[in-house]
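Input: a single structure, listed below in C-alpha coordinates.
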Amino acid sequence: MPAYKAIFLFGVLFAAMAVKAQHSIEFNPLYGTARWNPDSIYTNFAGENVQINKCLFYTTGWKAIINNQYKKGQTDTVILSNAHYLIDLSEPKSLKLPFTIPAHATQLIFTLGVDSIKNTTGIQTGVLDPARGMFWTWRTGYIMARLQGTSPSANTAGKRFSYDVGGFESPYNTVRTITLHLPETAGPGSFAKNPLYIQTDLSKWFNGKHTISIAQTPNCHNAGKLAMQLADNYQQLFQLILH
(Lines give C-alpha, C1' and ligand atoms only; values in the text may rest on other atoms or scores of the structure.)
Protein backbone atom coordinates (compact mmCIF):
# COMPACT_ATOMS: atom_id res chain seq x y z
CA MET A 1 0.00 0.00 0.00
CA PRO A 2 1.41 3.44 -0.93
CA ALA A 3 2.54 5.46 2.09
CA TYR A 4 0.07 8.31 1.48
CA LYS A 5 -2.86 5.85 1.42
CA ALA A 6 -1.69 4.26 4.65
CA ILE A 7 -1.47 7.66 6.32
CA PHE A 8 -4.95 8.58 5.06
CA LEU A 9 -6.44 5.29 6.30
CA PHE A 10 -4.81 5.73 9.70
CA GLY A 11 -6.28 9.23 9.94
CA VAL A 12 -9.77 7.97 9.15
CA LEU A 13 -9.54 5.21 11.73
CA PHE A 14 -8.17 7.63 14.35
CA ALA A 15 -11.01 10.08 13.72
CA ALA A 16 -13.55 7.28 14.02
CA MET A 17 -12.07 6.29 17.36
CA ALA A 18 -12.35 9.90 18.51
CA VAL A 19 -16.03 10.09 17.61
CA LYS A 20 -16.81 6.85 19.43
CA ALA A 21 -14.77 7.66 22.52
CA GLN A 22 -16.96 8.18 25.58
CA HIS A 23 -16.49 9.27 29.17
CA SER A 24 -18.21 7.54 32.08
CA ILE A 25 -19.42 9.94 34.76
CA GLU A 26 -19.70 9.70 38.52
CA PHE A 27 -20.43 11.99 41.49
CA ASN A 28 -17.57 12.42 43.98
CA PRO A 29 -18.77 13.72 47.39
CA LEU A 30 -16.47 16.19 49.14
CA TYR A 31 -16.53 18.71 51.94
CA GLY A 32 -14.26 21.48 50.75
CA THR A 33 -11.31 19.62 49.26
CA ALA A 34 -11.57 16.54 51.52
CA ARG A 35 -13.48 13.38 50.70
CA TRP A 36 -16.78 13.51 52.57
CA ASN A 37 -17.14 11.04 55.41
CA PRO A 38 -20.40 10.85 57.41
CA ASP A 39 -18.39 10.21 60.59
CA SER A 40 -16.21 13.32 60.18
CA ILE A 41 -16.79 16.74 61.73
CA TYR A 42 -16.37 19.80 59.52
CA THR A 43 -16.67 23.56 59.97
CA ASN A 44 -19.05 25.64 57.88
CA PHE A 45 -18.66 29.26 56.80
CA ALA A 46 -20.46 30.51 59.91
CA GLY A 47 -17.79 28.82 62.05
CA GLU A 48 -20.18 26.08 63.18
CA ASN A 49 -19.12 22.45 63.54
CA VAL A 50 -21.21 20.12 61.40
CA GLN A 51 -21.47 16.39 60.90
CA ILE A 52 -23.39 15.49 57.73
CA ASN A 53 -25.15 12.13 57.87
CA LYS A 54 -27.18 12.25 54.69
CA CYS A 55 -27.35 14.03 51.34
CA LEU A 56 -29.72 13.09 48.52
CA PHE A 57 -30.95 14.90 45.42
CA TYR A 58 -32.82 14.24 42.21
CA THR A 59 -31.39 14.91 38.75
CA THR A 60 -32.92 14.77 35.28
CA GLY A 61 -32.67 16.38 31.82
CA TRP A 62 -29.08 15.35 31.10
CA LYS A 63 -27.58 16.72 27.89
CA ALA A 64 -24.18 17.52 26.42
CA ILE A 65 -23.10 20.42 24.23
CA ILE A 66 -20.61 19.37 21.58
CA ASN A 67 -18.72 21.25 18.89
CA ASN A 68 -20.13 20.67 15.42
CA GLN A 69 -17.46 18.70 13.57
CA TYR A 70 -18.48 20.11 10.18
CA LYS A 71 -19.46 23.73 10.92
CA LYS A 72 -16.78 25.63 12.77
CA GLY A 73 -18.06 27.78 15.62
CA GLN A 74 -21.38 25.95 15.86
CA THR A 75 -22.49 23.51 18.54
CA ASP A 76 -24.97 20.66 18.79
CA THR A 77 -27.01 19.43 21.74
CA VAL A 78 -26.98 15.72 22.51
CA ILE A 79 -29.75 14.40 24.77
CA LEU A 80 -28.19 11.92 27.19
CA SER A 81 -31.15 11.02 29.39
CA ASN A 82 -34.53 12.42 30.42
CA ALA A 83 -34.97 9.90 33.23
CA HIS A 84 -34.91 10.94 36.88
CA TYR A 85 -32.05 9.71 39.06
CA LEU A 86 -31.96 9.82 42.85
CA ILE A 87 -28.37 10.48 43.90
CA ASP A 88 -27.67 9.31 47.45
CA LEU A 89 -24.12 10.20 48.45
CA SER A 90 -24.20 7.40 51.02
CA GLU A 91 -24.97 4.80 48.34
CA PRO A 92 -22.01 4.25 45.95
CA LYS A 93 -24.19 2.50 43.37
CA SER A 94 -26.27 5.65 42.89
CA LEU A 95 -23.24 7.84 42.19
CA LYS A 96 -22.35 6.40 38.78
CA LEU A 97 -24.71 7.41 36.00
CA PRO A 98 -25.92 4.79 33.50
CA PHE A 99 -24.85 6.71 30.41
CA THR A 100 -21.67 8.17 28.95
CA ILE A 101 -20.56 11.60 27.79
CA PRO A 102 -19.36 12.17 24.19
CA ALA A 103 -15.64 12.80 24.01
CA HIS A 104 -16.14 16.05 22.06
CA ALA A 105 -18.52 17.53 24.63
CA THR A 106 -17.64 21.00 25.93
CA GLN A 107 -20.49 21.39 28.43
CA LEU A 108 -22.65 19.11 30.53
CA ILE A 109 -26.11 20.34 31.55
CA PHE A 110 -28.62 18.76 33.91
CA THR A 111 -31.55 19.70 36.11
CA LEU A 112 -31.37 19.33 39.87
CA GLY A 113 -34.86 18.50 41.08
CA VAL A 114 -38.07 16.94 39.78
CA ASP A 115 -39.81 18.57 36.84
CA SER A 116 -43.28 20.07 37.30
CA ILE A 117 -44.97 17.39 35.16
CA LYS A 118 -43.86 14.61 37.50
CA ASN A 119 -44.99 16.73 40.45
CA THR A 120 -48.51 17.05 39.13
CA THR A 121 -49.37 13.82 37.29
CA GLY A 122 -50.17 11.43 40.08
CA ILE A 123 -48.31 8.58 41.74
CA GLN A 124 -44.92 7.82 40.20
CA THR A 125 -42.82 4.66 40.38
CA GLY A 126 -39.13 3.77 40.56
CA VAL A 127 -36.90 6.42 42.14
CA LEU A 128 -39.91 8.78 42.20
CA ASP A 129 -42.02 6.41 44.30
CA PRO A 130 -43.18 8.35 47.40
CA ALA A 131 -42.06 5.34 49.45
CA ARG A 132 -38.51 6.58 48.87
CA GLY A 133 -39.22 9.28 51.45
CA MET A 134 -38.48 12.19 49.10
CA PHE A 135 -42.06 13.43 48.79
CA TRP A 136 -44.17 15.87 50.82
CA THR A 137 -47.77 16.01 49.62
CA TRP A 138 -49.60 16.24 46.29
CA ARG A 139 -49.91 19.97 46.85
CA THR A 140 -46.25 20.65 47.65
CA GLY A 141 -44.64 17.88 45.59
CA TYR A 142 -41.21 16.32 45.78
CA ILE A 143 -38.22 17.09 47.96
CA MET A 144 -35.63 18.14 45.38
CA ALA A 145 -32.65 17.76 47.71
CA ARG A 146 -32.00 16.79 51.33
CA LEU A 147 -29.15 17.49 53.74
CA GLN A 148 -29.24 16.17 57.31
CA GLY A 149 -26.81 15.96 60.17
CA THR A 150 -25.93 17.25 63.62
CA SER A 151 -24.29 20.39 64.95
CA PRO A 152 -23.69 21.79 68.46
CA SER A 153 -25.10 25.05 67.07
CA ALA A 154 -28.53 23.55 66.38
CA ASN A 155 -31.10 24.48 69.02
CA THR A 156 -33.11 21.32 68.34
CA ALA A 157 -33.66 17.88 69.84
CA GLY A 158 -30.51 15.84 69.42
CA LYS A 159 -28.74 18.88 67.94
CA ARG A 160 -30.05 17.82 64.52
CA PHE A 161 -30.33 20.02 61.46
CA SER A 162 -32.48 19.03 58.51
CA TYR A 163 -32.86 20.75 55.15
CA ASP A 164 -35.55 19.28 52.90
CA VAL A 165 -35.70 21.60 49.91
CA GLY A 166 -38.80 21.56 47.73
CA GLY A 167 -41.26 23.72 45.85
CA PHE A 168 -41.99 23.66 42.12
CA GLU A 169 -44.35 26.61 41.66
CA SER A 170 -43.54 30.31 41.29
CA PRO A 171 -42.34 32.24 43.23
CA TYR A 172 -40.77 29.36 45.16
CA ASN A 173 -39.52 27.04 42.44
CA THR A 174 -36.41 25.25 43.74
CA VAL A 175 -35.63 23.34 40.53
CA ARG A 176 -32.21 24.47 39.30
CA THR A 177 -30.30 24.06 36.04
CA ILE A 178 -26.66 23.07 36.41
CA THR A 179 -24.20 23.90 33.60
CA LEU A 180 -20.71 22.44 33.88
CA HIS A 181 -17.79 23.12 31.56
CA LEU A 182 -15.65 20.14 30.74
CA PRO A 183 -11.89 20.33 31.30
CA GLU A 184 -10.05 21.15 28.10
CA THR A 185 -8.42 17.72 28.06
CA ALA A 186 -11.91 16.17 27.99
CA GLY A 187 -13.19 18.34 25.18
CA PRO A 188 -12.33 18.54 21.49
CA GLY A 189 -9.39 16.32 20.60
CA SER A 190 -9.76 14.06 23.62
CA PHE A 191 -9.55 10.42 22.59
CA ALA A 192 -9.00 8.67 25.91
CA LYS A 193 -11.92 6.98 27.65
CA ASN A 194 -11.11 8.59 30.98
CA PRO A 195 -13.87 8.86 33.60
CA LEU A 196 -15.32 12.25 34.43
CA TYR A 197 -16.08 13.07 38.05
CA ILE A 198 -18.60 15.63 39.26
CA GLN A 199 -16.97 17.01 42.39
CA THR A 200 -19.83 17.60 44.84
CA ASP A 201 -18.75 20.01 47.58
CA LEU A 202 -21.24 19.80 50.46
CA SER A 203 -19.78 22.90 52.13
CA LYS A 204 -21.59 24.95 49.47
CA TRP A 205 -24.93 24.13 51.13
CA PHE A 206 -23.92 26.63 53.79
CA ASN A 207 -22.20 29.21 51.62
CA GLY A 208 -22.87 29.37 47.90
CA LYS A 209 -24.83 32.45 46.97
CA HIS A 210 -26.09 32.83 50.55
CA THR A 211 -24.57 32.14 53.97
CA ILE A 212 -26.70 29.75 56.02
CA SER A 213 -26.26 29.56 59.80
CA ILE A 214 -27.48 26.41 61.53
CA ALA A 215 -27.94 28.37 64.77
CA GLN A 216 -30.39 30.69 63.02
CA THR A 217 -32.08 28.20 60.68
CA PRO A 218 -31.55 24.54 61.62
CA ASN A 219 -34.56 23.26 59.66
CA CYS A 220 -36.24 23.67 56.28
CA HIS A 221 -39.31 21.54 55.64
CA ASN A 222 -41.45 23.62 53.31
CA ALA A 223 -41.27 25.81 50.22
CA GLY A 224 -40.35 29.43 50.81
CA LYS A 225 -37.49 31.91 51.09
CA LEU A 226 -35.09 29.61 52.96
CA ALA A 227 -35.68 26.78 50.49
CA MET A 228 -34.91 29.17 47.63
CA GLN A 229 -31.67 30.26 49.31
CA LEU A 230 -30.60 26.66 49.86
CA ALA A 231 -31.43 25.87 46.21
CA ASP A 232 -29.29 28.81 45.08
CA ASN A 233 -26.48 27.39 47.21
CA TYR A 234 -26.65 23.79 46.04
CA GLN A 235 -26.66 25.01 42.46
CA GLN A 236 -22.97 25.72 43.13
CA LEU A 237 -22.06 22.30 44.55
CA PHE A 238 -20.66 20.87 41.34
CA GLN A 239 -17.47 20.97 39.32
CA LEU A 240 -16.28 18.60 36.59
CA ILE A 241 -12.81 17.06 36.66
CA LEU A 242 -11.14 14.49 34.42
CA HIS A 243 -9.64 11.65 36.44
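All values derive from a computational prediction rather than experimental measurement.
- Side-chain contact between Val175 and Asp115: absent, with no pair of heavy atoms (C-beta onward) separated by less than 4.5 Å.
- Not less than 6.0 angstrom separates the ring centroid of Tyr234 from the ring centroid of Tyr163.
- Not one N or O on the side chain of Asn67 forms a donor-acceptor pair closer than 3.5 Å with the backbone of Thr75.
- In this structure, Phe238 and Phe27 have perpendicular ring planes: the angle between them is above 60°, well past the 30° mark.
- Note on Leu56 and Trp136: same hydrophobic cluster, where clusters join Ile, Leu, Val, Met, Phe, Trp and Tyr whose side-chain heavy atoms are under 4.5 Å apart, directly or indirectly.
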Check: residues 217-228 side-chain donor-acceptor pairs under 3.5 Å, at least two apart:
{"residue": "Thr217", "atom": "OG1", "partner": "Ser213", "partner atom": "O", "Å": "3.1"}
{"residue": "Asn219", "atom": "OD1", "partner": "Ser162", "partner atom": "N", "Å": "3.4"}
{"residue": "His221", "atom": "NE2", "partner": "Ser162", "partner atom": "OG", "Å": "2.9"}

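- When all heavy atoms of His84 and Val127 are compared, the closest pair comes out as O-CG2, 3.3 Å.
- Around the NZ atom of Lys118, the shell of radius 6.0 Å holds no more than 12 heavy atoms that belong to other residues, nucleotides or ligands.
- Atom OG1 of Thr200 and atom CG of Leu95 lie 8.0 Å apart (nearest 0.5 Å).
- For the pair Ser203/Leu30, no side-chain contact is recorded, criterion being any heavy-atom separation below 4.5 Å from C-beta on.
- Looking only at side-chain heavy atoms (C-beta outward), Leu128 and Tyr142 come within less than 4.5 Å of each other.
- Here the shortest heavy-atom pairing between Leu80 and Pro102 reads CD2-CD, 3.9 Å.
- Using a 4.5 Å cut-off on side-chain heavy atoms (C-beta onward), Asn233 and His210 make contact.
- Atom NZ of Lys209 and atom CD of Gln236 lie 8.5 Å apart (nearest 0.5 Å).
- Remark: the backbone N or O of Gly167 is paired with a side-chain donor or acceptor of Thr174 at under 3.5 angstrom.
- Taken from CD1 in Ile178 to CG in Leu240, the straight-line distance is 11.5 Å, to the nearest 0.5 Å.
- Here the closest heavy-atom approach between residue Thr60 and residue Ala83 is recorded as OG1-O, 3.0 Å.
- For Asp232 and Arg176, the salt-bridge test passes: some basic side-chain N is under 4.0 Å from an acidic carboxylate O.
- Using a 4.5 Å cut-off between side-chain heavy atoms of Ile, Leu, Val, Met, Phe, Trp and Tyr, with links allowed through other members, Met144 and Leu86 fall into the same hydrophobic cluster.
- With a 4.5 Å cut-off on side-chain heavy atoms, Leu237 and Ile198 do not count as touching.
- Across every non-hydrogen atom of Asn207 and Thr211, the tightest pair is OD1-OG1, 3.3 Å.
- Contact check for Asn44 versus Trp205: no side-chain heavy atoms found under the 4.5 Å cut-off.
- Residues Tyr58 and Leu180 fall within the same hydrophobic cluster, defined by Ile, Leu, Val, Met, Phe, Trp and Tyr side chains chained together at heavy-atom separations under 4.5 Å.
- No side-chain heavy atom of Leu112 sits under 4.5 Å from any side-chain heavy atom of Gln235.
- Put simply, CD on Gln107 and NZ on Lys63 are 10.0 Å apart, with the number rounded to the nearest 0.5 Å.
- Few gaps surround CD1 on Ile79; more than 12 heavy atoms of other groups in view lie less than 6.0 Å from it.
- Connection of Phe57 to Ile109 is not established within any shared hydrophobic cluster, with ILVMFWY side chains joined at heavy-atom distances below 4.5 Å, either directly or through further cluster members.
- A 6.0 Å sphere centred on CG of Asn53 holds more than 12 heavy atoms belonging to other residues, nucleotides or ligands.
- Side-chain rings of Tyr31 and Trp36 stay apart, their centers remaining 6.0 Å or farther from each other.
- The distance from atom NZ of Lys159 to atom OG of Ser153, rounded to the nearest 0.5 Å, is 8.0 Å.
- Two residues are said to be in side-chain contact when any heavy atoms from C-beta on lie closer than 4.5 Å; Phe161 and Ile52 meet this criterion.
- In plain terms, the two heavy atoms of Ile66 and Ala105 that are nearest each other are CG2-CA, 3.5 Å.
- Linking ILVMFWY side-chain heavy atoms closer than 4.5 Å, directly or via other members, places Leu202 and Phe45 in two distinct hydrophobic clusters.
- A distance of 8.5 Å separates CG of Asp88 from CE of Met134, quoted to the nearest 0.5 Å.
- Of the possible donor and acceptor atoms, none in the side chain of Glu26 sits under 3.5 Å from a partner among the backbone N and O of Leu196.
- Judged by distance alone, with hydrogens and angles left aside, the side-chain atoms of Thr111 form no donor-acceptor pair with the main-chain N or O of Thr177 at under 3.5 Å.
- Nearest approach of Ala154 to Ile214, heavy atoms of both residues: CB-CG2, 3.8 Å.
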